Amino acid sequence: MKRVLFPLALVFFALLFSQGALAFSSLPPGEKPILVSIGLFVNDITHINEANETVQFEGTLIERWTDTRLAFDAQAAGVSQKTYTNGAAKAILNNIWKPQIILEKNRGKPEISVLFLTISSEGVVSVYRRMM
């Protein structure tokens with residue numbers, strides 16, 4: 001079993017992170033570059049095809065950046081962090097700047113859904129997405 005998983009794990013990570021695995025859209029005009037942190041957590045490997053050298057997995061993609069335009073007065077709002085889920089999260093994401101993340105080296109289109117979105121009073125935005 002280890003002989004199968006070890007080479008495929010190397011292929012998986014080599015394909016994911018090689019040749020510009022993540023691409024970003026342009027930043028809003030006049031803004032300084034925005035540093036975006038990205039985490040990809042593999043929750044479950046659902047299928048391994050050694051012949052095709054493919055791996056299917058379920059995972060969580062986390063994006064985090066600071067956009068000071070989204071900062072708010074925590075005392076006036078009564079909370080230090082606003083949390084949105086599902087449809088409300090999608091509506092907020094449709095109206096703010098966000099990085100355009102493209103996963104390359106895919107076979108087929110991954111199913112990606114927003115789990116939830118948080119915005120802190122300092123303008124730190126965190127997006128948690130489920131990938132299948």
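Model, not experiment: these values are computed from the prediction. Numbers for residues simply follow the sequence, beginning at 1.
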Taking all non-hydrogen atoms of both residues into account, name the closest pair between [X] and [Y] and its distance.
{"X": "Ile45", "Y": "Ile48", "result": "CG2-CG1, 3.7 Å"}
{"X": "Trp97", "Y": "Arg69", "result": "CB-NH2, 3.7 Å"}
{"X": "Trp65", "Y": "Ile34", "result": "CB-CG2, 3.8 Å"}
{"X": "Pro99", "Y": "Glu63", "result": "CG-OE1, 3.8 Å"}

Are [X] and [Y] joined in one hydrophobic group, where the rule is that I, L, V, M, F, W and Y side chains link up if heavy atoms are under 4.5 Å apart?
{"X": "Phe57", "Y": "Ile38", "result": "yes"}
{"X": "Phe41", "Y": "Phe116", "result": "yes"}
{"X": "Val124", "Y": "Ile62", "result": "no"}

Kindly indicate whether the side chain of [X], heavy atoms from C-beta on, has any atom under 4.5 Å from the side chain of [Y].
{"X": "Val127", "Y": "Leu93", "result": "yes"}
{"X": "Lys82", "Y": "Ile92", "result": "no"}
{"X": "Ile119", "Y": "Tyr84", "result": "yes"}
{"X": "Glu58", "Y": "Thr46", "result": "yes"}

Can you sort out the partners of [X] under side chain to side chain donor-acceptor pair (under 3.5 Å), two or more places apart, ordered by chain and number?
{"X": "Asn43", "value": "Thr60"}
{"X": "Ser121", "value": "none"}
{"X": "Tyr128", "value": "Arg64"}

Distance col, row Leu70:CG vs Glu122:CD, nearest 0.5 angstrom, shows 12.0 Å

side-chain contact (heavy atoms from CB on, under 4.5 Å) between Ile96 and Asp67: does it pass, once the steps are laid out? CA-CA 9 Å; Ile96 64 172; Asp67 188 339; 5.6 Å; no

